[in-house]
Participant: 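What follows is a structure written as structure tokens; I'll ask about it next.
Whatever order the structure lists them in is the order used to number ligands and atoms, beginning at 1. These numbers were taken from a predicted model, which means no experiment stands behind them. Side-chain atoms are counted along with the backbone in the values below, which use heavy atoms only and exclude waters and symmetry mates.
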Amino acid sequence: MKKVVLAYSGGLDTSCIVKWLDERGYEVICFCADLGQGLGSGEDLAAIERRALVAGASKVYIKDLQDEFVGDFVIPAIKANAIYEGKYLLATALGRPLIAKYLVEIAHKENADAVAHGCTGKGNDQVRLEVTAGILDPKLEILAPVRDWEFKSREEEIEYARRHKIPIDVTKKKPYSIDRNIWGISIEAGVLEDLEQEPPEDTYMITNGPAKQPGTAKYVEIYFEKGIPKKIDGKTMKLKNLISYLNKVGGQHGVGRMDLVENRLVGIKSREIYEAPGATILYTAHKELESVVLDRELMHFKDIVSLKYSDLIYNGLWYSDLKKALDGFVNSTQRYVTGSIKLKLFKGSCVPVGRKSKNSLYKKELSTYGKEDKFNQKLAEGFIRIWGMPYQR
Ligand code: ARG
């Protein structure tokens, strides 16, 4: 009997996969990763485990990976200012390599022959999971039942689940496809497939629309140490809690909504709604701090690296050598990135309003238009003549 470790979410698709693989002679071990998608209560976790077992799993692993996710995936993304196509802070994309890492680890521990996932054949996530698993252990077989199976609609899957007495809550109408973790939420499908339509307010799960946003601004001050957020308003916090807190206050003020028609790796354009209040605030603050402490050449070159780094994350190449090499560059830039940024959250906007750093390169005596001016304006003339010389014919 072949053994397979399945990335299990507890939803309809992956529950049907358990049974489907079981019917094809596999022993199925389920692995559910908690990346801060709000599994929260022990009740949810117990229900997920029970569902997997009823569907035919021989064993269920549920692991709280939030600290590892934040420490090993989100921190590098913050340092690199990782953002895809100017809008997507990569929450889903950052979670996949970690899930794949544990799929492989559990497969080794259980002596399994294969790993499996519930992604369709049209998205990026299949690529991220399979490329990562392939890098970590090229000998493991990879199964993607949703690409192969006979079901053509959600209704057929529900019927299959019913027939096999898998406890699925089908009363919950699910107008969207949603992926969520502590770094953000990705929402697609349903009415969102019409590019001309504004997303209905019920699309959003953690950010308030204008009607519910407070009428007064909220200020937050974030302190970074070598590029890593450490304190909010002077209070040291564990990064996981710091992000959760910013998700909460940012969400109240409607910060971090994004509506993006993006280029998927498989060549399709798709429309996705993102909610990432904490990530938006930290991205904005981190970039602002860099603008104060990095010199011009380093800063501009880092922007180029940032683009490439984001593509690597999006395209499933987290464990590539190029990503590792770029980490070397990014980390070396972060030694100056210590200081505080104060931001104003108001009616969906997140604007830096104060900056403080012992590594600041800002020299008021040089930039001032006041009488304390120390900039020798006479030197400008020679500088400009030599600077412009190559362009005169
Ligand atoms: N488009 C995003 C990405 O490729 C999110 C994918 C998952 N989205 C979803 N709604 N299930 O990273």
Side-chain angles (χ1 to χ4, degrees), residues 7-17 32-39 69 73-74 76-77 80 82-100 117-132 144-147 154 157 172-195 197 199-200 202-207 256-277 279-280 283 306-320 323:
Y8 183 71
S9 71
L12 177 65
D13 289 341
T14 50
S15 297
C16 288
I17 290 175
C32 177
D34 183 356
L35 301 184
Q37 62 268 51
L39 293 177
F69 178 53
F73 294 81
V74 170
I83 192 165
Y84 185 69
E85 298 190 339
K87 289 185 181 172
Y88 171 35
L89 287 156
L90 295 160
T92 299
L94 285 165
R96 300 312 180 190
L98 178 58
I99 292 171
H117 61 73
C119 308
T120 73
K122 297 175 66 166
N124 300 309
D125 289 328
Q126 52 172 348
V127 182
R128 296 167 184 149
L129 290 170
E130 293 181 32
V131 167
T132 305
V146 175
R147 290 198 300 238
R154 186 176 150 78
E157 282 182 53
K172 254 193 233 152
K173 211 164 100 250
K174 201 188 101 182
Y176 307 111
S177 157
I178 297 163
D179 182 70
R180 177 173 184 175
N181 64 44
I182 189 171
W183 195 234
I185 306 184
S186 311
I187 308 159
E188 63 186 355
V191 291
L192 305 175
E193 288 171 2
D194 182 351
L195 300 192
Q197 291 296 321
D202 79 348
T203 311
Y204 299 99
M205 302 167 65
I206 57 167
T207 53
R257 289 184 171 190
M258 284 296 171
D259 181 342
L260 170 64
V261 179
E262 75 193 36
N263 290 292
R264 284 190 195 164
L265 182 56
V266 294
I268 300 170
K269 282 193 192 289
S270 75
R271 202 267 192 101
E272 191 114 30
I273 300 299
Y274 296 107
E275 287 184 284
T280 299
Y283 169 84
S306 179
L307 261 186
K308 187 69 201 176
Y309 197 95
S310 309
D311 280 356
L312 293 175
I313 295 173
Y314 189 85
N315 293 336
L317 299 175
W318 182 266
Y319 286 105
S320 66
K323 146 76 174 52

Participant: With a 3.5 Å distance limit and no angle check, can you tell me whether S310 reaches the backbone of I83 through a side-chain donor-acceptor pair?
Facilitator: yes

Participant: Under 6.0 Å between the ring centres of W183 and F73?
Facilitator: no

Participant: Salt bridge check, R264 against E188: does any charged N sit closer than 4.0 Å to a carboxylate O?
Facilitator: yes

Participant: Anything under 3.5 Å between an N or O on ligand 1 and a protein N or O? List each pair with its distance, or write none.
Facilitator:
residue	atom	partner	partner atom	Å
ligand 1	1 (N)	E262	OE2	2.6
ligand 1	1 (N)	E272	OE1	2.6
ligand 1	1 (N)	Y274	OH	3.1
ligand 1	4 (O)	N124	ND2	2.7
ligand 1	4 (O)	R128	NH1	3.2
ligand 1	4 (O)	R128	NH2	3.0
ligand 1	8 (N)	E272	OE2	3.0
ligand 1	10 (N)	S177	O	2.8
ligand 1	10 (N)	S177	OG	3.4
ligand 1	10 (N)	S186	O	3.3
ligand 1	10 (N)	E272	OE2	2.9
ligand 1	11 (N)	S177	OG	3.0
ligand 1	12 (O)	Y88	OH	2.5
ligand 1	12 (O)	R128	NH1	2.8
ligand 1	12 (O)	R128	NH2	3.0

Participant: Answer yes or no: is there a donor N or O on one side and an acceptor on the other, between the side chain of Y314 and the main chain of L265, under 3.5 Å?
Facilitator: no

Participant: In plain terms, say whether D311 and K308 are close enough for a salt bridge, that is, a side-chain N and a carboxylate O under 4.0 Å apart.
Facilitator: no

Participant: Please test D259 against R271 for salt bridge (Lys or Arg N to Asp or Glu O under 4.0 Å), starting from the C-alpha separation and ending with a verdict.
Facilitator: CA-CA 7 Å; D259 181 342; R271 202 267 192 101; 2.7 Å; yes

